[in-house]
Participant: 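Questions regarding the structure given below will be posed in turn.
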Amino acid sequence: MRKPIIAGNWKMNKTASEAAVLVDELIPAVKDASCEVVICTPYTDLVTAVAKTKGTNIHVGAENVHFEKSGAFTGEISADMLVDLGVEYVIVGHSERRQYFAETDQTVNKRALAALNAGLKVIICVGESLQQREEGVTEELVRMQTKIALRDVTAEQMANVVIAYEPVWAIGTGKTATAEQAQEIHAYIRTILREKFGAAADETPILYGGSCKPSNAPELFAKEDVDGGLIGGAALKAADFLAIGKGFPQK
Ligand code: 13P
């Protein structure tokens, strides 16, 4: 049985003082959630988020991590730095990192390995652009992104891996993939995981991301291989985030 997850990706939103307000709203809102609740915040909000969520059911994640352990990498943050703060999760390979910050499948893999080796849980993002979907290469692309991201990841480490399928054309556009489109790719990702990890692939949560909101979450989450959501805009409002978390049916 895969535990459902809702993970917020705050992106570059919320100063530390604004984060404190949002976390204070989230704590009572999600306290009875039956799913795992994760908030991935900007680096500057992590201390506040970790301190405030101590003893609650909210898990804190970062939005990126560097792959080296330490050294002359001005402006970067290592996995050990996150662990030391009490951070549990980290997103790697978000399409915005790929698009604006020259992230490649190879650097996604390096970041995932660094994070896993430090004991973090990783949320690895994959997904096609509109052009790639229209060209009919979604499956090839997702296969490549998934396989390279997981290079050298052990079966044991897979217990700390979450995959997020985020079609780029659905991110921040209000245009959600249909539940059928999501299920098709989620099931495909699971076959890729099975090729490498066998039946253990059935334990890996695969989240959907891209304009996920209270109105479409129930239909998406009802699909067999959709184990939750990676939520951008709607994660910035406690009521919406809570409502999305209530979208899980009994499977
Ligand atoms: P939106 O929910 O704002 O479309 O963002 C999705 C996303 O990119 C989550 O990582």
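Index from 1, following the sequence. In each ligand, atom 1 is the first atom listed, and ligand 1 is the first ligand listed.
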Participant: Got a sec: does the CD of Glu25 have more than 12 other heavy atoms crowding it under 6.0 Å?
Facilitator: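 Check passes, neighbour count above 12.
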Participant: I'd like a table of the close N/O pairs between ligand 1 and the protein (anything under 3.5 Å), one pair per line with both atom names and the distance.
Facilitator:
residue  : atom   : partner : partner atom : Å
ligand 1 : 2 (O)  : Gly232  : N            : 3.0
ligand 1 : 3 (O)  : Gly233  : N            : 2.9
ligand 1 : 4 (O)  : Gly172  : N            : 2.6
ligand 1 : 4 (O)  : Ser211  : N            : 2.7
ligand 1 : 5 (O)  : Lys11   : NZ           : 3.2
ligand 1 : 8 (O)  : Lys11   : NZ           : 2.8
ligand 1 : 8 (O)  : His94   : NE2          : 2.8
ligand 1 : 8 (O)  : Glu166  : OE1          : 3.4
ligand 1 : 10 (O) : Asn9    : ND2          : 3.0
ligand 1 : 10 (O) : His94   : NE2          : 2.9
ligand 1 : 10 (O) : Glu166  : OE1          : 3.2
ligand 1 : 10 (O) : Glu166  : OE2          : 2.8

Participant: Are Leu26 and Leu236 grouped together when hydrophobic residues (ILVMFWY) are joined by side-chain heavy atoms under 4.5 angstrom apart?
Facilitator: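 Yes.
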Participant: I need the minimum non-hydrogen distance between Cys35 and Gly245, along with the two atoms involved.
Facilitator: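 Heavy atoms of Cys35 and Gly245 come nearest at SG-O, 4.1 Å.
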Participant: Kindly give the heavy-atom pair with the smallest separation between Val122 and Ala115, and that separation in Å.
Facilitator: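 Shortest heavy-atom separation between Val122 and Ala115 comes out as CG1-CB, 3.4 Å.
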Participant: Listed by chain and number, what are the ring-ring contact (aromatic ring centres under 6.0 Å, His included) partners of Tyr89, not counting sequence neighbours?
Facilitator: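 In terms of ring-ring contact (aromatic ring centres under 6.0 Å, His included), with neighbours along the sequence ignored, Tyr89 is linked to no residue.
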Participant: Hey, are Glu96 and Lys11 close enough for a salt bridge, meaning a charged N less than 4.0 Å from a carboxylate O?
Facilitator: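 Salt bridge: yes.
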